[in-house]
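Keep in mind it's a predicted model, so treat the numbers as computed, not measured.
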Number of protein chains: 2
Amino acid sequence: MAANSSDQPVLEELDRDECMRLLEGGVIGRVAFDDGEGPTVIPVNYAVDGDAVVFRTSSSGRMNRSLLTSVVGGEVRAAFQVDRFDETDHLGWSVLLRGGTHHLTEQERAETAQVRPWPGGDRDEWFRLSAHEVSGRRLRRP
Amino acid sequence: MAANSSDQPVLEELDRDECMRLLEGGVIGRVAFDDGEGPTVIPVNYAVDGDAVVFRTSSSGRMNRSLLTSVVGGEVRAAFQVDRFDETDHLGWSVLLRGGTHHLTEQERAETAQVRPWPGGDRDEWFRLSAHEVSGRRLRRP
């Protein structure tokens, strides 16, 4: 722990290129959405596809029910977050994508970045979260 | 990566005691809330206080504006998530608290678990997120 406030790490904003670079280096992120009972967060494996992330979930799960929409071409608002922190140095970074999720068709799945979830079992529903907004912060030495 | 599906890790549900034990071992979690433009996620340092987590934010920030409510005794719906994953073994766990956030008075701050944020600067607004629901999952070897 820093001995006094002048030694404490400071937060700096990251530009979009740096955010996308950090995002591309990760394999687990967190999807935040509203399931009708408020905000919730679920960790997922992901792949980056342009300015979007692709992830999979089970057809019987809460995330699938919440992110599916009956509107053709419609999106459900969601956020996608990745971070990495060092608990010894108290340094790290976080990146946040905000946008809408789109359920992928069979055709779209074949053409997008491939995601291989760590857990076994059904993960047959694929979603893409397109970033309307990308932001990130780094906690660094002053 | 597992050679075939039978070697893949499996997800198991954690009971509340195990979730709280894991939560108490952490120092960084993620607050999810709706800021009026959809779900968003912000990492914070935290402390556990009974079935609640306590965290701090700056008075000028988005989180403070979103979590404050003019309703006396009112709460704003939010979620709090912690996790830890091993990218080599593809194992890990995640814990999720869902509930409402309450802005702490000076008196309440003095009496609650103390939080010391890693970043320097103003973090003078304290919030408690009381868990209406606690859940967690572990990704383990089959």
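- For A:S94, the part lying under 4.5 angstrom from a heavy atom of chain B is the side chain only.
- In terms of heavy-atom pairs under 4.5 angstrom with chain B, the leader among A:G121, A:P119, A:A79 is A:P119.
- With respect to A:D34 and B:R77, no salt bridge is recorded, no charged nitrogen being found less than 4.0 Å from a carboxylate O.
- Of the atoms belonging to B:A32, heavy atoms from both backbone and side chain fall under 4.5 Å from chain A.
- Of all the heavy atoms in A:R62 and B:R98, the pair that sits closest is NH1-NH1, 3.3 Å.
- Linking ILVMFWY side-chain heavy atoms closer than 4.5 Å, directly or via other members, places A:V82 and A:L139 in two distinct hydrophobic clusters.
- For B:Q81, the part lying under 4.5 angstrom from a heavy atom of chain A is the side chain only.
- Residue contact with chain A, scored on non-hydrogen atoms closer than 4.5 Å, is absent for B:R141.
- For B:L97, no part lies under 4.5 angstrom from a heavy atom of chain A.
- The hydrophobic clustering, which links ILVMFWY residues whose side-chain heavy atoms are closer than 4.5 Å, places B:L22 and B:V54 apart.
- Aromatic ring pairs are classed by plane angle as parallel below 30°, tilted from 30° to 60° and perpendicular above 60°; the pair A:W118 and B:F85 is perpendicular.
- Note on B:L104: it does not cluster hydrophobically with B:F55, by side-chain heavy-atom contacts below 4.5 Å among ILVMFWY residues.
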Apply the test side chain to side chain contact (heavy atoms under 4.5 Å, CB included) to residues B:R137 and A:I42: give CA-CA distance (whole Å), side-chain angles for both, the deciding distance (0.1 Å), then the verdict.
CA-CA 10 Å; B:R137 296 197 293 183; A:I42 294 181; 4.1 Å; yes
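- Among A:V10, A:V27, A:I28, the residue with the largest count of heavy-atom pairs under 4.5 Å with chain B is A:I28.
- For chain B, the nearby part of A:R30 is the side chain; its heavy atoms alone come within less than 4.5 Å.
- Note on B:W93: it does not cluster hydrophobically with B:L91, by side-chain heavy-atom contacts below 4.5 Å among ILVMFWY residues.
- Among A:N45, A:D83, A:V76, the residue with the largest count of heavy-atom pairs under 4.5 Å with chain B is A:D83.
- No continuous path of ILVMFWY side-chain contacts below 4.5 Å connects B:V41 to B:F80, so the two sit in separate hydrophobic clusters.
- Counting heavy-atom neighbours within 6.0 Å of B:E111 CD, excluding the residue itself, gives a total above 12.
- A donor-acceptor pair under 3.5 Å links the side-chain atoms of B:Q8 to the main chain of A:P117, judged by distance alone.
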